[in-house]
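Structure first, then comments.
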Amino acid sequence: MTYSRKLQITVPCSSSNIGPGFDVLGVTLSLYLTLDISIFEPSSVKENYNAEVVLTYSGEGNDGVPLSVEKNLITKTALYVLACNNISGFTAPMTINVNNLIPMGRGLGSSGAAVVAGVMLGNVSGNLGLTKDRMLDYCLMIERHPDNVTAALMGGFIASYLRELNTDDTGIPHSEELEKKNDMINKLSSQIVPERIGHYIKLNWAKEIKAITIIPQFEVSTAEAREILPNDYNKNDVVFNLQRLAVLIMALSQSPPDADLICQAMQDKVHQPYRKQLIPGLSEIITNVKPTTHPGLLGICLSGAGPTILALATHNFDNISKTVIDMFAKENIEAVVKVLDVVEGGAQVVETKYNNA
Ligand SMILES: Nc1ncnc2c1ncn2[C@@H]1O[C@H](COP(=O)(O)OP(=O)(O)O)[C@@H](O)[C@H]1O
Ligand SMILES: N[C@@H](CCOP(=O)(O)O)C(=O)O
């Protein structure tokens, strides 16, 4: 069989919240999920035709990720997008080779990236011609917090919110649930995908600020780390976060960055205090690692729902990382370090080869 198209989809990872911006801020980082796709026939839409799709997988999660297209989060999401557009299954035989460099369950947006990759796969395999803004709607039907998927799809440093949906729309599950339920695609695809669910704005990021990610070798499920949060908040805690959030987005855009301002503005009372119980060492790390003790450091927080620690810094990366690694070691936790760049480009599809025959 000869291929008719070869495509590559790349989706970056992301770090959400950046302290006070719970479910609002996301920053796109230079670590990628890549899909190499060969499509073996023109993808003309045939009713009730389920083409054979072979999924292979390497990289992070390769020991546990399902390779059945109905169960894998990427292909399952693509099938959902196709179903919403009245296409029941993949319409052309294809191979999908996934290479994932994003550690899973660490707070670096692996599930958001997988959902974005799946929506893009559905879009290209079904020739749907969806814009990125429309693809964001599909992502947000699955991943209910907009920060990760918006960053992964659009790139850069980005703030987002969900518009309030009708009660009919709100039964839409989060992707963790999607994983558990085999019949979820059918349930979701019977719902109309509302337009413009997500709204976002790209923010400026000072070029000299790098993201040190200190990644502990254990997983925290985002679903669990969200369940632990209270339903109601103290007014003072909310005001504490709002004040810092407004200052932080400007402070991170300024060159040279003001470490004292950023460090204070990265504090949070909405999610980190509750998540300490899931992440040994978190409290000590965010309380004690400061720009005053570590020149070059600007601020430190939990990345997403954790357990990764995000340290924003301009220099002195080794010294900052070593301190955090040593603090985790005191809790008998091993951690690895990746110093990442903030990337302006979000997810993309590149057609690498096209055969007209
Ligand atoms: N590349 C991938 N392929 C398939 N499933 C994935 C992929 N990346 C993440 N997932 C799914 O998402 C889960 C992790 O999601 P989550 O708990 O939200 O953590 P994270 O902070 O990494 O997004 C994994 O356990 C896996 O089920
Ligand atoms: N705002 C969300 C972000 C979750 O990010 P992830 O990378 O941990 O999936 C939250 O804090 O729950």
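FYI, side chains are in, hydrogens and waters are out, and symmetry mates aren't considered; it's all heavy atoms of this structure. Note that ligands are numbered from 1 as they come in the structure, with each ligand's atoms numbered from 1 the same way.
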Check your understanding: If hydrogens are left out, which of His145, Arg226, Met104, Glu60 has an atom nearest to atom 24 (C) of ligand 1, that is, the closest non-hydrogen atom?
Key -> Met104
Exercise for review: Any atoms of ligand 2 less than 4.0 Å from a non-hydrogen atom of Asn17? List them with their elements.
Suggested key: 1 (N), 10 (C), 11 (O)
Check your understanding: Thr222 heavy atoms, cut-off 4.0 Å: which ligand 2 atoms fall inside?
Key -> 4 (C), 6 (P), 8 (O), 9 (O), 12 (O)
Review point. Going by the atom numbers of ligand 1, which of them fall below 4.0 Å from some non-hydrogen atom of Ser110?
Key: 8 (N), 9 (C), 14 (C), 20 (P), 22 (O), 23 (O)
Exercise for review: Tell me, please: is Glu143 in heavy-atom contact with ligand 2, that is, under 4.0 Å?
Suggested key: no
**Study point:** His271 to ligand 2, any heavy atom closer than 4.0 Å
**Key:** no
Exercise for review: Number the atoms of ligand 2 from 1 as they appear, then name those within less than 4.0 Å of a heavy atom of Ser16, with their elements.
Suggested key: 3 (C)
Practice item. Can you sort out which atoms of ligand 2 are near His145, meaning under 4.0 Å from one of its heavy atoms? Key: 2 (C), 3 (C), 4 (C)
Review point. Is it the side chain (CB and beyond), the backbone, both or neither of Leu108 that lies under 4.0 Å from ligand 2, heavy atoms counted?
Key: backbone
Review point. What atoms of ligand 1 come within less than 4.0 Å of a heavy atom belonging to Leu33?
Key: 1 (N)
Check your understanding: Would you say Glu351 has more than 12 foreign heavy atoms packed within less than 6.0 Å of its CD?
Key -> yes
Check your understanding: Distance-only, no hydrogens or angles: does the Arg106 side chain make a donor-acceptor pair with backbone N or O of Val220 under 3.5 Å?
Key -> no
Review point. Out of curiosity, is Gly109 lining ligand 1, as in a heavy atom under 4.0 Å away?
Key: yes
Review point. Within a reach of under 6.0 Å around CD1 of Ile228, are more than 12 heavy atoms found that belong to other residues, nucleotides or ligands?
Key: yes
Practice item. Report, in ascending order of atom number, the atoms of ligand 2 lying under 4.0 Å from any heavy atom of Arg226. Key: 1 (N), 2 (C), 10 (C), 12 (O)
Review point. Side chain, backbone, both or neither: which part of Val98 comes within less than 4.0 Å of ligand 1 when only heavy atoms are counted?
Key: neither
Point to revise | Part of Asp23 with heavy atoms under 4.0 Å of ligand 2, whether side chain, backbone, both or neither | key: both
Practice item. Step by step, work out the side-chain hydrogen bond (donor to acceptor under 3.5 Å, both in side chains) result for Asn17 and Asp268. Key: CA-CA 9 Å; Asn17 305 327; Asp268 154 70; over 6 Å; no
Review point. Is there a heavy atom in Ser221 that sits closer than 4.0 Å to ligand 1?
Key: yes
Exercise for review: Say whether Gly107, considering both its backbone and side-chain N or O atoms, lies within less than 3.5 Å of an N or O atom on ligand 1.
Suggested key: yes
Exercise for review: Find the distance between CG (Leu282) and CD (Glu331) and round it off to the nearest 0.5 Å.
Suggested key: 10.5 Å
Review point. Under the 3.5 angstrom rule, does the side chain of Ser4 hit a backbone N or O of Ile39 as a donor-acceptor pair?
Key: yes
Point to revise | Whether Asn72 side chain and Pro66 backbone form a donor-acceptor pair below 3.5 Å | key: yes
Point to revise | CA sep, side-chain torsions, deciding dist, call: Ser15, Ser303, side-chain hydrogen bond (donor to acceptor under 3.5 Å, both in side chains) | key: CA-CA 5 Å; Ser15 179; Ser303 178; 2.8 Å; yes
Point to revise | Heteroatom proximity flag, Ala114 to ligand 1, N/O under 3.5 Å | key: no
Review point. Around atom NZ of Lys290, are there more than 12 heavy atoms of other residues, nucleotides or ligands at under 6.0 Å?
Key: yes
Point to revise | Ala206 to Ser255 - nearest heavy-atom pair and separation | key: CB-OG, 3.6 Å
Review point. If only atom types and distance count, is the side chain of Asn100 paired as donor or acceptor with the main-chain N or O of Ile102 below 3.5 Å?
Key: yes
Exercise for review: Check whether any N or O atom of Ser303, backbone or side chain, sits under 3.5 Å from an N or O atom of ligand 2, and answer yes or no.
Suggested key: no
Check your understanding: Less than 3.5 Å between some nitrogen or oxygen of Arg275 and one of ligand 2, yes or no?
Key -> yes
Review point. Between Asn148 and ligand 2, is there a nitrogen or oxygen pair with a distance under 3.5 Å?
Key: yes
Check your understanding: Gly109 near ligand 2, heavy-atom distance under 4.0 Å?
Key -> yes
**Study point:** Trace of the side-chain hydrogen bond (donor to acceptor under 3.5 Å, both in side chains) decision for Tyr138 with Asn85
**Key:** CA-CA 11 Å; Tyr138 284 88; Asn85 288 276; 3.1 Å; yes
Point to revise | Residues in ring-ring contact (aromatic ring centres under 6.0 Å, His included) contact with Phe157, at least two apart in sequence or another chain | key: Trp205
Exercise for review: Look at Asp326 together with Lys330 and state whether they make a salt bridge at an N to O cut-off of under 4.0 Å.
Suggested key: no
Practice item. Tell me which part of Ala305 gets within contact of ligand 2: side chain, backbone, both or neither, using heavy atoms under 4.0 Å. Key: both
Review point. Going by the order shown, which atoms of ligand 1 are within less than 4.0 Å of some heavy atom of Arg106?
Key: 21 (O), 22 (O)
Exercise for review: Answer with side chain, backbone, both or neither: which part of Met104 has a heavy atom less than 4.0 angstrom from an atom of ligand 2?
Suggested key: neither
Check your understanding: Taking heavy atoms and a distance under 4.0 Å, where does Thr222 meet ligand 1: side chain, backbone, both or neither?
Key -> both
Check your understanding: Would you say ligand 2 has an N or O under 3.5 Å from any N or O of Ser110?
Key -> no
**Study point:** Cation-aromatic face contact Arg163/Tyr161, 6.0 Å, 45 degrees
**Key:** no
